[in-house]
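To keep things clear, I will list the structure first and then write my remarks on it.
Throughout, numbering of the chain's residues begins at 1 and tracks the sequence. Treat the numbers as computed from the prediction; the structure is a model and nothing was measured. These numbers come from the heavy atoms of this one structure, side chains and all, not from hydrogens, waters or symmetry mates.
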Amino acid sequence: MGLFDKFKKPKKPQTPERVKGVGLLFCPEPDPRKVLEQVEELFQFEHAGDRNNISLVQDDMEIILLAACPDDEGENGKYAKNQLEGVAGYVCRSQTGLVEIKRGLFYHLRQCKSLIQIIYSFDSTGARETAEKEKKVMEPLYDITEKLQGVITFGDGMSLRNSKGQIILDKEGKSELEYYMPAELPIPPDWSKDAPPEAVERRDKSMVLLRDRHIYVTPWLPLLWERAEEPGRTVEEVCGRAAALLIVSLYSECRVGDHLSFEEAREFVDPIIEGYGAEEFFSPDEKKYLDDPDSDEKTQIQFAWQYENLWVMEWALGLTDDLFWPDRICDVPGSVRLLKDCPAMDALLAAAKLRPRKELLEQADLIYRLHWACVDARVMNMPAPQGVEEGVVMERHRALFWLAGCDEMCGWDDVDLST
């Protein structure tokens, strides 16, 4: 050590600087006061008065939380409305290839009805202390995010995170997650008031199955009130419907696939009609179509989709157990082969074993909710969820609602496909 080293002045302690940061937390609870009450419950304290903000303080660290919703008066309401609409729009416009994560995040943000503006600050003498204290600040903020079933973002708001701090989606369309599902919102007790318990059970079972496949469906869709013990379709009705669908499908394939004339196509299907005695089984729309020599290609294609309905009828009659997940079209030649050994109504009735109405209603409930997810995706200019084929889903909706006797046992042409 040199002589002058003994006389070096000690370093002056650094003067702490006040570090500040901001964030936004979006949550489903629409009432800002209830939002703050949940925060108070989490940290076991109460704040006085009707203020829309609370402060969390520990030593030099402070977190200020200001809750607001679009219904608030003045600037708070405008700010909340702009932020809630803005973040949902930002996600919807994202060009990410992670479509399923984008979809789940968009649905979650669409659930959100209020927000918390976050302002945090602390003293720091350097980068290391800043990192340590930011970590301490984040812990309660992520706890609040979990408590409120929310989504949180910091700084420029370009990265949205879950309650574990993981990036759901950032400005580059990247994510730290394999999949993302919105929070599961509770349904008010009076939502299912007077509904048959089995209707609620069907709905709950469907929602679990869909969530297991990472498909979001709004919890507010109506219940199917039909009861399994009430009379449903008879095996004769279902066999007649299967025969009609086989004939309509084959006729359509002759027209649109093989480009046969009206006369040639009718010459092909007329013996099948006679074999089943099927004239009485056609719906009014089907009969009109089969008798129209001038049907256009669009109509022929629409009726060619009836192979999907035929497959469901064959499943309902016990001719196949394969009611596969609707992410592909059915085995068209296979559907024809299933009825090939039953070319007359007597043979078909002898081979058929109609599934219980309870099973039909369960499948009808599931496909109804899945159809909603497909339609809602289309409205948002997104593909159907998880590779589902919307055309197949729509036809199953028709077939299963008819089979289960929904809509007061309506006729085939009158099945309501709305979601």
To the nearest 0.5 Å, what is the distance between [atom1] on [X] and [atom2] on [Y]?
| X | Y | atom1 | atom2 | value |
| --- | --- | --- | --- | --- |
| Ser252 | Trp305 | OG | CH2 | 13.0 Å |
| Leu115 | Leu109 | CG | CG | 11.5 Å |
| Gln166 | Ser175 | CD | OG | 8.5 Å |
| Leu42 | Glu146 | CG | CD | 9.0 Å |
| Leu245 | Gln306 | CG | CD | 5.5 Å |
| Thr419 | Ile367 | OG1 | CD1 | 12.0 Å |

I'd like to know if [X] and [Y] make a salt bridge, using a cut-off of under 4.0 Å between side-chain N and carboxylate O.
| X | Y | result |
| --- | --- | --- |
| Glu286 | Arg241 | yes |
| Lys34 | Glu37 | no |
| Glu40 | Arg33 | yes |
| Arg255 | Glu297 | no |
| Glu184 | Arg211 | yes |
| Arg110 | Asp376 | yes |
| Asp292 | Lys288 | no |
| Arg128 | Glu132 | yes |
| Arg355 | Asp321 | yes |
| Lys113 | Asp31 | no |
| Lys147 | Asp143 | no |

With a 3.5 Å cut-off and sequence neighbours excluded, list the donor-acceptor pairs that the side chains of residues 176-183 form with protein atoms.
unit_1: Glu176; atom_1: OE1; unit_2: Ile167; atom_2: N; d: 3.1
unit_1: Tyr180; atom_1: OH; unit_2: His108; atom_2: ND1; d: 2.6

Nearest heavy-atom pair of [X] and [Y]: which atoms, and what distance?
| X | Y | value |
| --- | --- | --- |
| Ser55 | Glu62 | OG-OE2, 3.8 Å |
| Gln149 | Pro28 | O-CD, 3.4 Å |
| Tyr216 | Pro219 | OH-CD, 3.8 Å |
| Ser159 | Thr153 | O-OG1, 2.8 Å |
| Glu390 | Cys374 | CG-CB, 3.7 Å |
| Leu141 | Phe154 | CD1-CE2, 3.7 Å |

Do [X] and [Y] have side chains that approach each other closer than 4.5 Å (heavy atoms only, starting at C-beta)?
| X | Y | result |
| --- | --- | --- |
| Leu160 | Ile152 | no |
| Met158 | Asp170 | no |
| Ser249 | Glu253 | no |
| Val22 | Gln117 | no |
| Val91 | Lys102 | yes |
| Pro188 | Trp220 | yes |
| Leu65 | Tyr120 | no |
| Leu290 | Val248 | yes |

Contacts table for residues 391-403: side-chain donor-acceptor under 3.5 angstrom, sequence neighbours left out:
unit_1: Glu395; atom_1: OE1; unit_2: Asn309; atom_2: ND2; d: 2.9
unit_1: Glu395; atom_1: OE1; unit_2: Arg398; atom_2: NE; d: 3.1
unit_1: Arg396; atom_1: NH1; unit_2: Phe324; atom_2: O; d: 2.6
unit_1: Arg396; atom_1: NH2; unit_2: Phe324; atom_2: O; d: 2.8
unit_1: His397; atom_1: ND1; unit_2: His371; atom_2: ND1; d: 2.7
unit_1: His397; atom_1: NE2; unit_2: Asp416; atom_2: O; d: 3.4

Would you sort out whether Arg369 and Arg203 count as a side chain to side chain contact (heavy atoms under 4.5 Å, CB included), showing the intermediate values?
CA-CA 9 Å; Arg369 298 177 199 285; Arg203 177 262 178 201; 3.5 Å; yes
Under 6.0 Å between the ring centres of Tyr251 and Tyr289?
yes
Kindly write out the residues that satisfy side chain to side chain contact (heavy atoms under 4.5 Å, CB included) with Cys69, not counting sequence neighbours, or none if the list is empty.
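Once residues adjacent in sequence are excluded, the partners of Cys69 under the side chain to side chain contact (heavy atoms under 4.5 Å, CB included) criterion are Pro32, Asp71, Asp72, Ser114.
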Any side-chain donor paired with an acceptor under 3.5 Å for Thr145 and Ser163?
no
Does one side chain, of Ser121 or Arg18, offer a donor that lies under 3.5 Å from an acceptor on the other?
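The answer is yes; a qualifying pair exists.
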Taking atom [atom1] as the centre, does [X] end up with more than 12 heavy-atom neighbours from other residues, nucleotides or ligands that are less than 6.0 angstrom away?
| X | atom1 | value |
| --- | --- | --- |
| Tyr90 | OH | yes |
| Glu236 | CD | yes |
| Lys358 | NZ | no |
| Glu229 | CD | yes |

Would you find a donor on one side and an acceptor on the other, under 3.5 Å apart, between the side chain of Asp414 and the backbone of Cys410?
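No: the side chain of Asp414 does not pair with the backbone of Cys410.
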Does the Gln111 side chain pair with the main chain of Cys27, one donor and one acceptor, at a distance under 3.5 Å?
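Side chain of Gln111 to backbone of Cys27: no pair is present.
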I would like to know whether Val151 and Arg161 meet side chain to side chain contact (heavy atoms under 4.5 Å, CB included); could you show each step before the answer?
CA-CA 6 Å; Val151 176; Arg161 298 173 181 267; over 6 Å; no
Report the C-alpha distance between Arg227 and Glu198 in whole Å, list the side-chain angles of each, state the deciding distance to 0.1 Å, and finish with yes or no for salt bridge (charged side-chain N to carboxylate O under 4.0 Å, His left out).
CA-CA 7 Å; Arg227 298 174 186 268; Glu198 68 177 88; 5.2 Å; no
For the side chain to side chain contact (heavy atoms under 4.5 Å, CB included) test, which of Leu246, Asp341, Leu339 pairs with Leu348?
Leu339
Test Glu314 against Thr320 for side-chain hydrogen bond (donor to acceptor under 3.5 Å, both in side chains), laying out the working first.
CA-CA 6 Å; Glu314 291 169 335; Thr320 178; over 6 Å; no
In sequence, state the C-alpha distance, the side-chain angles, and the governing distance for Glu129 and Lys133, and then conclude on salt bridge (charged side-chain N to carboxylate O under 4.0 Å, His left out).
CA-CA 6 Å; Glu129 185 177 5; Lys133 287 189 173 179; 3.0 Å; yes
Going through the checks in order, is the side chain to side chain contact (heavy atoms under 4.5 Å, CB included) test met by Trp325 and Leu370?
CA-CA 11 Å; Trp325 187 248; Leu370 182 57; 3.9 Å; yes
Dump the intermediate steps for side chain to side chain contact (heavy atoms under 4.5 Å, CB included) on Leu148 and Leu25, then the final yes or no.
CA-CA 9 Å; Leu148 296 173; Leu25 194 163; 4.1 Å; yes
